Colleague: 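First the structure, then my questions, so here it is.
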Amino acid sequence: MSLETLLQNPSSSPQSGANSFDKEDFNNYVMNTYGRFPIAIEKGEGCRLWDTEGREYLDFVAGIATCTLGHAHKALIETVTQQIQKLHHVSNLFYIQEQGELAKWIVEHSCGDRVFFCNSGAEANEAAIKLVRKYAHTVLDFLEQPVILTANASFHGRTLATITATGQPKYQKDFAPLVPGFAYVPYNDIEAIENAITDIDEGNRRVAAIMLEPLQGEGGVRPGDLEYFTRVRKICDENNILLVFDEVQVGVGRTGKLWGYEHLGVEPDIFTSAKGLAGGIPIGAMMCKKFCDVFEPGSHASTFGGNPFACAAALTVLQTIEKDNILQNVQARGEQLRSSLCTIVHKFPKLFTEVRGWGLINGMEINADISLTSMDIVNAAIEEGLLIAPAGPKVLRFVPPLIVSEQECDRAMQLLEKAITKVIQ
Ligand SMILES: *Cc1c(COP(=O)(O)O)cnc(C)c1O
């Protein structure tokens, strides 16, 4: 199919339902690392997806807060089609024009001064952890045992260092020994941070960094508290501690602002991005201020990181967010969704306790006193043609593409209400 045809008619890909999908065959060959829903998605357009049976779904998962511009977006199709024909990969042994342009855009639109590119959120956080340690060993009075404080219920990825950083035992179980040099505090609790800093300070052991999500995504869609983050920033400044933000889920416009930290009135020294950055093309990035940019040739590297293909895609995503005023849509749709979700909470006061979130990352909490789980409702919603994701056993997460329309939000809420009604029958 020619590019022209594709651009004119993005849905003219192979017909839905034409392929039969063999689940058993899949399970025979692919490692069983996911509890999968019993559908196979075959194509998408905007906020709609179709499975191999030809059933249509409204997509409020967006590849878990990743498909920023939805599916088959014209600008993204055009960029990746042209880029793959021109140049898709060369080594970082050479200058990569698209990488430089993307880094410049990010620096001009954030508090970061320098960017390192990789391929995923976990890798971006690994890079941040390595940068913190190198800074501690080379700048912070040559600190021998730097400790990174992270929050309970946080999520930072699935590599060994990032499951250690993740403050949830269920992700660490069976993978001992974990990486040394991490300690945990409750989120949004300033006293806990003050106590931890004092407790850890002993000989050559000291807190070198505090790593937090501006809003905890995986851990239940919990927004950071403004006063807490202001105090954390001050504590970091007073004690030579680096402040690291994991913006993997909340960055790139998801919250209605370009970066999550803009909601908190503070700037991090280091922050990471991945999920939504290239709208679904794999990429990760770690940004830092100039003063803590202690990496030098040989310190860190990635074969694929920052290749022309992923960088061109990311630049198009960011420029489209700017050009099409997408942040405005995120704010308006976010308010609409939270208001509709609150209405649902009022209709089912025994089932739900709270709605919370920023922009287009929102959570609805299920009453802890009842046996209903997020998976019960997620499964029922899929039956109705709405894709949503759990954020833990008791929270429903709504993270549609940032281009979602008013009508699509209304429709999603109707489908959700239908699903809830069915599940409690
Ligand atoms: C998803 C996520 C990660 C891990 O990203 P991967 O690309 O899956 O490695 C890290 N931190 C946060 C906050 C995330 O939401």
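In what follows, residues are counted from 1 in the order of the sequence shown. Note that ligands are numbered from 1 as they come in the structure, with each ligand's atoms numbered from 1 the same way. As the structure is a computational prediction, the values presented were derived from the model and not from experiment.
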Colleague: Do the two ring centres, one from His89 and one from Phe304, sit under 6.0 Å apart?
Modeller: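 Ring centroids of His89 and Phe304 are less than 6.0 Å from each other.
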Colleague: How about Asn188 and Phe229: do any of their side-chain heavy atoms sit closer than 4.5 Å?
Modeller: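 Sidechains of Phe229 and Asn188: in contact.
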Colleague: Report yes or no: do Asp376 and Thr373 form a side-chain donor-acceptor pair below 3.5 Å?
Modeller: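 Yes - a donor-acceptor pair under 3.5 Å links their side chains.
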Colleague: Decide whether an N or O pair under 3.5 Å exists between Glu218 and ligand 1.
Modeller: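 Checking ligand 1 against Glu218, no N or O pair falls under 3.5 Å apart.
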Colleague: Which bit of Glu123 gets closer than 4.0 Å to ligand 1, counting heavy atoms only: side chain, backbone, both or neither?
Modeller: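 No part of Glu123 is near ligand 1 at this cut-off.
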Colleague: Would you say that Met286 contacts Phe295 through its side chain, given a criterion of any heavy-atom pair below 4.5 Å between the two side chains?
Modeller: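 Side chain of Met286 against side chain of Phe295, heavy atoms only: contact under 4.5 Å found.
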Colleague: Quick check on contacts: which atoms of ligand 1 are under 4.0 angstrom from a heavy atom of Ser120?
Modeller: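 Those of ligand 1 that fall under 4.0 Å from Ser120 are 7 (O), 9 (O).
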Colleague: May I ask whether atom 15 (O) of ligand 1 is less than 4.0 Å from at least one protein heavy atom?
Modeller: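 Yes.
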Colleague: Mind checking whether Ala122 has an N or O less than 3.5 Å away from an N or O of ligand 1?
Modeller: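 Yes; the residue has a nitrogen or oxygen that sits under 3.5 Å from a nitrogen or oxygen of the ligand.
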Colleague: Taking C-beta and beyond as the side chain, do Arg114 and Lys290 meet within less than 4.5 Å on heavy atoms?
Modeller: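 Arg114 vs Lys290: side chains touch.
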Colleague: With a cut-off of 4.0 Å, which atoms of ligand 1 are near a heavy atom of His156?
Modeller: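 Near His156, meaning under 4.0 Å from one of its heavy atoms, ligand 1 has 10 (C), 11 (N).
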Colleague: Hydrogens and angles aside, do Gln249 and Arg397 bring a side-chain donor and acceptor to less than 3.5 Å of each other?
Modeller: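 There is such a pair (donor and acceptor under 3.5 Å, judged by atom type) between the side chains of Gln249 and Arg397.
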Colleague: Run the salt-bridge test on Arg356 and Glu354 with the 4.0 Å N-O cut-off and return the result as yes or no.
Modeller: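 Salt bridge present between Arg356 and Glu354.
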Colleague: Considering distance alone, does some N or O of Gly121 sit under 3.5 Å from an N or O of ligand 1?
Modeller: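 Yes: some nitrogen or oxygen of Gly121 is under 3.5 Å from one in ligand 1.
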Colleague: Among all protein non-hydrogen atoms, which one is nearest to atom 11 (N) of ligand 1, and what is the separation to 0.1 Å?
Modeller: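 Protein heavy atom at minimum distance: Asp246 OD2, 2.7 Å.
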Colleague: Would you compute the distance between atom CG of Leu242 and atom SG of Cys288 and round it to the nearest 0.5 angstrom?
Modeller: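 If we round to the nearest 0.5 Å, Leu242:CG and Cys288:SG are 9.5 Å apart.
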Colleague: Can you confirm, on distance only, whether ligand 1 has an N/O atom lying under 3.5 Å from any N/O atom belonging to Ala274?
Modeller: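 In fact, backbone or side chain, Ala274 has no N or O that close.
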Colleague: Tell me the contacting part of Arg158 for ligand 1: side chain, backbone, both, or neither, using a 4.0 Å heavy-atom threshold, strictly below.
Modeller: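 Under 4.0 Å from ligand 1, Arg158 contributes no heavy atoms.
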Colleague: Just heavy atoms, cut-off under 4.0 Å: does Asn125 contact ligand 1 by side chain, backbone, both, or neither?
Modeller: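 The side chain, only.
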Colleague: Where is the nearest protein heavy atom to atom 2 (C) of ligand 1: which residue, which atom, and how far?
Modeller: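 Answer for atom 2 (C) of ligand 1: Lys275 NZ, 2.5 Å.
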